[in-house]
Amino acid sequence: MRNKRWRSLFRGTLRSIAVWAVSTLTMLVLAGLLPDFQLQSDTGDSATRIAVTAAAGAGVFGLLSALAWPLLVRFLLLVPALVLGLLVFFLNGSLLLVALRLNPSGRGEAAPETAVVVAAVMSAVASATGATLAVRDDDAYRRRLYRLADRRRRRAAAESGPSSPGTVFLQLDGVGHDVLTDAVLKGLMPAVAAWLGVAMGTAATPGHERKTADDAVVTPATVPGTAPAQGAAAAAPTHRLIPWRTDWSSQTGASQLGILHGSNHDVPAFRWYEKDTGETVVANRPTSAAELQRRAVERTGHGGLLAVDGASRGNLFSGGAGEQALVLSIAIRRRGRANRSRAGYFAYFSDPANAVRTALSFVAEVCREIVQSTRARLRKQRPRVGRGGLYPFIRAFATVVERDVVVAAVMGDMLAGRTAVYADLVAYDEVAHHSGPHSGDAGKVLARLDRALALIAHVAEMAPRPYRIVVLSDHGQSPGETFQTRYGLGLGDLVRAGCGLPVPRRAQRTHSGAEARSAVRAALRRPVEGDGDRHRHTACGHTRPDRRSVPAPRSAAEPVVLASGNLGLVSFPDVPHRMSKEEIDRRHPALLSTLANHPGIGFLLVRSEEHGGVVLAAHGAEVPVDELSDAHPGPLADFGPGAADAVRRTHSFPHTADIMVNSWYDPADGEVLAFEEQIGSHGGLGGAQGRPFLLSPLEFSPPVADGAELTGAEEVHRVLARWLRECDGPQIPVDPEPGTVVPRPTDRAPAVTGGEGGDDADERAA
């Protein structure tokens, strides 16, 4: 054992010397290329003196990077993550300037902006050299990755690991089942293809299906012109692939809460208004995420899927894990031993090579997004949404910073031997919202995610215990242009018009706006105004909409209209209870008919005093939810099997909105109309958004019986909990039978309280 340690130390010393030599050579080359960077005095020095100066400078810079950089990163945790990537270059350049000042020869000098460039190049070259030299040394590679694990558990995990398998759950946010199979057949995801037994360079011709496992069928029929040639042999599959069906609220908040905590009861959408508190709940707001997690824990009676020796990485919710990094539901708590959500940043960026590499990738991704959005605008692609402002930086954070940090944290968890790890990779979802779920931009993100999966699988081979890797998604995405683009007004404008409230002039001029105002007049038995009555003149001679042209009760409060993809929610905050259809008709006689008959709306859900919940649709269709089923879907026929059950379940929630609005859906093209500025959307019923996937090792029992369908995030939780038990892992209590009393657990996760969260579109980037 002692000889092995000495050999390892000797090899490590040789690698350090090699990295130092390459860094010295790099510094010499840069001094020759950059006019503002010199390693000699103004009168000139000998080649030997210059080489010694470069060697000393490279050595001091390396020592500063190893010793001072982790301390600097500690302070960087106080700044927003978006700023962190930009500060990396500045701080690295500052370390080089300090190294040149400390150089014993006193010859080094560089302009500040040049120092940033030199430091970045030297860090990148040193990182590449070290990785290349260590690629055949498993011990060195393991030690390099092991620094990312919990330092307190490093020695114990290295000496002896448990023999039972651990489980890693990797969530590819927003990747639908069809998108995944298409990417496999196109050759974008070779690691997933190998797990499924689909050899790259082989596929079937249209009409010939290739079975990947007992539960999965991959067919190239949906990818015309991309079927590779026949001939190569496929390896035996190691995983099975099945789709599963989301709840009506097909978005991360509802799905991940159900998967991690076993309950997404009373989560009707991504954002909704709660009348009892007068607040709007937004799933990716820290205060909201903390409250939703508290409710789920209280309802189920257990901490979550990861309650025993688990780690939660990059998620909205903790799952009861003791190790948490980049978890939104704990972001509002004060820092301490119990809250290390941002520790994932420190663990990753404490290595200057990681910091520089990710920072360079961040800048490259910002430039890539600007080029791609400019190309789409010049080509006048349709559909298209705006991609300016901060979006390029938000995209770069999701596709680079968060991906790198989360992947590194997962690798550290495996090397520490943790029993269960759940991580969310949000890159695809962010890009697909703005570029489209089937776009080339989104496809490139899938290819990079596949490389991350392959790296995690490779690290699993060196972990102190065997690992089984499960890959799943929380929802898919459905394509289509926005409601605003197609009809010239948003859902909020349409609701205001239907209520007889003033709407912006642009909305009044649209066909939909005119129809809504006409419906109001007809409902109130008043004549439709002529064009000359629509505006009145101000004293300055300008025209503006005549607020008197569409009468509205003065006592009526402004409705709260919220959007979650193609799902809209309308609430009247001045009414303390959920309004009934009859109450809405008395207050706003034209509203429900205006919405139900609009061509961009598929159906409405409201409460009826006579029938309970009712579904409304065009041409006066009105069906009680208790009468809807897959056999008799009524207005929900186009939305596929399970739609009636999903609507009926949401109707039972205490915080369901007064009016739930699901957009139009075209089953032929799979398109929906988003009420937000997204051309790839999710949140409601209709198309691929409600059909995510579950990719699991064949060692696990089948998720469902043959012929059955996996439905709902809560059912997915029960499947994952069963698999953990099969690994002899955490004993997660299953949901009790109705009527049983659940004992209050002694190890329940503490209630989370704290200050107010922000309203930013992406709280994780703050």
Side-chain angles (χ1 to χ4, degrees), residues 149-150 152-153 157 161-162 164-171 253 255-265 267 289-331 333 336-341 343-344 406 409-410 412-414 416-424 465 467-468 470 472 474 700 713-736 740-753:
D150 184 359
R152 293 176 302 170
R153 302 182 55 181
S164 61
T167 308
V168 176
F169 303 103
L170 300 173
Q171 178 179 302
S255 292
Q256 195 178 88
L257 185 65
I259 292 171
L260 286 178
H261 288 280
S263 172
N264 58 5
H265 176 77
V267 182
E291 174 61 18
L292 293 177
Q293 179 173 309
R294 185 197 66 79
R295 294 178 187 179
V297 170
E298 186 176 75
R299 182 175 179 85
T300 61
H302 62 78
L305 186 73
L306 311 174
V308 179
D309 193 30
S312 180
R313 309 299 187 187
N315 300 310
L316 295 181
F317 311 103
S318 72
E323 291 292 331
Q324 305 175 37
L326 314 184
V327 176
L328 204 65
S329 63
I330 68 168
R333 287 191 284 177
R337 296 179 65 87
N339 173 25
R340 295 184 293 166
S341 179
V406 168
V410 170
D413 290 329
M414 290 190 296
R418 295 196 175 97
T419 301
V421 182
Y422 194 103
D424 187 10
R465 67 190 300 177
Y467 273 96
R468 297 174 181 176
V470 176
L472 73 161
D474 49 347
F700 286 138
E714 294 180 359
E715 182 61 30
V716 174
H717 169 87
R718 286 188 281 271
V719 171
L720 302 189
R722 185 219 311 159
W723 287 345
L724 288 178
R725 289 192 294 271
E726 291 176 1
C727 291
D728 195 24
Q731 299 301 303
I732 306 299
V734 298
D735 289 348
T740 60
V741 178
V742 180
R744 195 170 283 270
T746 57
D747 59 346
R748 176 186 297 178
V752 181
T753 58

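Just so you know, these numbers use all the heavy atoms, side chains as well, and skip hydrogens, waters and symmetry mates. What you see is a predicted model, and the numbers here were worked out from it, not measured in a lab.
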Looking only at heavy atoms, what is the nearest atom pair of [X] and [Y], with distance?
X    : Y    : result
R418 : A311 : CD-CB, 4.0 Å
A296 : L257 : CB-CD1, 3.9 Å
F317 : A289 : CE2-O, 3.5 Å
A713 : N264 : CB-ND2, 3.8 Å

Compare all side-chain heavy atoms of S164 with those of C727 and state whether any distance is below 4.5 angstrom.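 Not in contact.
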Just to verify, which of Y422, F700, W723 counts as forming a side-chain contact (heavy atoms from CB on, under 4.5 Å) with T167?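 The single option meeting the side-chain contact (heavy atoms from CB on, under 4.5 Å) with T167 is F700.
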Is it true that the side chains of S263 and R295 contain a donor and an acceptor less than 3.5 Å apart?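 No, R295 and S263 have no side-chain donor paired with an acceptor closer than 3.5 Å.
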Does the side chain of D474 pick up a donor-acceptor pair with the side chain of Q256 at under 3.5 Å?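 No donor-acceptor contact under 3.5 Å links the two side chains.
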Non-neighbouring partners of R468 that pass side-chain hydrogen bond (donor to acceptor under 3.5 Å, both in side chains), sequence neighbours left out: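 Once residues adjacent in sequence are excluded, R468 has no partner under the side-chain hydrogen bond (donor to acceptor under 3.5 Å, both in side chains) criterion.
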Reported [atom1]-to-[atom2] distance for the pair [X] and [Y], which is rounded to 0.5 angstrom:
X    : Y    : atom1 : atom2 : value
E714 : S255 : CD    : OG    : 10.5 Å
L724 : T419 : CG    : OG1   : 9.0 Å
N315 : S329 : CG    : OG    : 8.5 Å
L305 : F169 : CG    : CZ    : 5.0 Å

For A321, which residues count as a side-chain contact (heavy atoms from CB on, under 4.5 Å) partner, sequence neighbours excluded?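 A321 satisfies side-chain contact (heavy atoms from CB on, under 4.5 Å) with L306, S312, Q324 once adjacent residues are dropped.
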Sub-3.5 Å donor-acceptor pair from the side chain of R313 to the main-chain atoms of V406, do we have one?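 Side chain of R313 to backbone of V406, a donor-acceptor pair under 3.5 Å: no, none is there.
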Note: R294-E291 ion pair, threshold 4.0 Å (strictly below):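 E291 and R294: salt-bridged.
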